[in-house]
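The next block holds one structure in the form of structure tokens; read it before the comments.
A note on names: the letters A, B, ... follow the listed sequences, proteins ahead of strands, and every chain is numbered from 1.
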Amino acid sequence: MNRRIYILHESEIIQKGLLAILKGKFNIEIIPFKDADELLSLQTVSERRMLFIIDPDRFQHLKVWQNIKQRNTVKLIGLSNSANQTYDSCDKVFLLNTAPGKIINEISGFFDNGNESANEHEGEELSAREKEVLKLVALGHSNKIIADKLFISVHTVISHRKNITEKLGIKSISGLTVYAILNQLIDTDEINPEDLI
Amino acid sequence: MKIFNKNDKMVTLVRANYHLLPVISRFGIRLGFKDKTIENICEENKINTDFFLAIVNTFHNENYFPEEQFLQFSPLLLVQYLRKTHRYYIEYELPKMDNLLGQLKKSCSSGCKELEVIDAFYKRYKTELLNHINDEETRVFPYVLELVNNPRSVDPNFSILEYEKEHSNVEVQINDLKNLIIKYMDPVYDENICNEFLITLFRFEIDINDHARIEDTILVPLVVSIEDKYRG
Ligand SMILES: [Fe+2]
Ligand SMILES: [Fe+2]
């Protein structure tokens, strides 16, 4: 997955300091942002794993967060100088005098989790519609053809496919085909399985 | 996570992470380290110690990225290492997996159709991986060598960015293969052989993901920086 760290803080000292601390520790692109306007450029990106280190007093309540969170896996870390303030929009808050190691570990934890593709939907039962879609995927049909056959939009097909992959923990088309054969979703008496995989 | 340095003993490297054994072998270093340091052993084997450290540290800790160090190595060293890794996959790891899967199929006495399907999937994975490797050996690496040795002779319209293909396909497939066996296949086989096969897949996945990471995050940027230098 596409991984990024963003630093959103108006203090140049804090921004440069964080950059110096984090650079070299992670094999992840780190992008400094000066003001909230720059966040707008992220409205179109999707399927990224993004971590934001922000000044919560200024930036925790922006509208754009909702938009970014819908299409990406996001973690907000607040870096604050007041201990008696709570920030409900942040996933985690550190005081400015926190040891850098703590923040580094928090970041490692977030990105390591992304590697072990533990997703919350894995293990859920496929719906009848999803099984139909899976069957057609396994037979090698394109999204367009699947959409036509089931009288649904291409967009809906794509969203079914995303759910199927998350529930089964299988991502490749040939892997899904194997799953469909193992679970008798397609009749292998009629088709030679090796032609499909 | 520990970052190794040249004064660490070679033996601590293996104790800390035995997955590094094949990485060390690829450098032509043999066991029997005694208490020699990494630097001692690299010098004895005429290996660039910094390069060795960069490779083992990248393997050991996937978030470790010795940016500046790496940019000082010749891409030729990297290509040499990557080629050795390919050979190790082709001559050792893939035949080992072929063999274990063959044994697994033999161990099944009835209802073995599922294993045939898994076998077909494995074969497809293997074909794609070999195509990818072949593409790098015949197109990507020769281009890098030419760019380093003879920068003005290479076609300025080509870039490594077009040559080096994505790794996501093969990465996804090996993960699917593991999941299909662990989660969805009926256990109609000898479990010890199957465990051996899975453990081999897990180890191979660690190794090959590191290999892809070196290509994507070290080789490609290094070559791009050389391209930029000559193309202004
Ligand atoms: Fe390669
Ligand atoms: Fe590659």
Side-chain angles (χ1 to χ4, degrees), chain A residues 1-3 5 22-30 47 51 101 104-105 107-119 122-123 126 134 138 140 164-189 191-197, chain B residues 1 3 54 57-70 111-129 166 168-188 202 205-206 209-210 212-214 216-218 221:
Chain A
M1 194 184 322
N2 233 324
R3 312 185 298 175
I5 298 172
L22 301 180
K23 210 173 165 235
K25 292 273 188 321
F26 300 99
N27 179 12
I28 297 173
E29 195 178 346
I30 306 174
E47 293 191 30
L51 182 133
I104 290 168
N105 288 336
I107 299 174
S108 300
F110 177 67
F111 288 110
D112 285 350
N113 264 337
N115 296 343
E116 167 52 32
S117 59
N119 72 65
E122 182 162 358
L126 294 183
L134 174 56
I164 293 167
T165 285
E166 280 185 2
K167 288 181 179 180
L168 300 181
I170 306 283
K171 287 186 182 152
S172 62
I173 295 178
S174 45
L176 290 169
T177 307
V178 173
Y179 175 88
I181 296 170
L182 295 185
N183 288 277
Q184 278 111 38
L185 291 177
I186 44 184
D187 189 355
T188 48
D189 293 336
I191 315 154
N192 179 7
E194 273 154 55
D195 295 338
L196 285 178
I197 296 167
Chain B
M1 186 83 65
I3 308 275
N57 279 320
T58 314
F59 186 99
H60 185 57
N61 179 358
E62 75 173 274
N63 286 328
Y64 174 78
F65 183 25
E67 223 172 325
E68 269 126 57
Q69 253 171 294
F70 258 119
C112 308
K113 216 166 132 192
E114 297 203 346
L115 262 173
E116 293 298 333
V117 180
I118 293 288
D119 187 49
F121 184 57
Y122 168 75
K123 291 216 171 80
R124 178 182 168 126
Y125 165 73
K126 186 177 155 185
T127 308
E128 281 194 25
L129 178 64
E166 276 203 28
S168 49
N169 259 353
V170 276
E171 281 173 7
V172 159
Q173 282 181 1
I174 192 167
N175 200 37
D176 285 353
L177 179 58
K178 280 161 37 198
N179 275 336
L180 285 163
I181 298 172
I182 298 170
K183 293 181 70 180
Y184 301 117
M185 190 173 73
D186 277 339
V188 288
F202 272 103
E205 188 182 27
I206 294 175
N209 285 355
D210 173 73
R213 203 163 65 233
I214 291 177
D216 289 339
T217 64
I218 298 168

(request) Mind ranking Asn169(B), Asp176(B), Leu180(B) by heavy-atom pairs under 4.5 Å with chain A and telling me who comes out on top? (result) Asp176(B)
(request) Could you tell me whether a side-chain N or O of Tyr184(B) sits under 3.5 Å from a main-chain N or O of Val178(A), the two making a donor and an acceptor? (result) no
(message) Do Ser172(A) and Tyr125(B) have side chains that approach each other closer than 4.5 Å (heavy atoms only, starting at C-beta)?
(response) no
(request) Would you indicate whether the side-chain heavy atoms of Leu176(A) and Thr165(A) approach each other to under 4.5 Å? (result) yes
(message) Report which part of Lys183(B) has an atom under 4.5 Å of a heavy atom belonging to chain A: side chain, backbone, both, or neither.
(response) side chain
(request) With sequence neighbours excluded, tell me which residues meet salt bridge (charged side-chain N to carboxylate O under 4.0 Å, His left out) with Asp210(B). (result) Arg213(B)
(message) Which atoms of Ile173(A) are under 4.5 Å from chain B, going by heavy atoms: the side chain, the backbone, both sets, or neither?
(response) neither
(message) Taking side chain as everything from C-beta outward and backbone as N, CA, C, O, which of these in Ile181(A) sits under 4.5 Å from a heavy atom of chain B? Side chain, backbone, both or neither.
(response) side chain
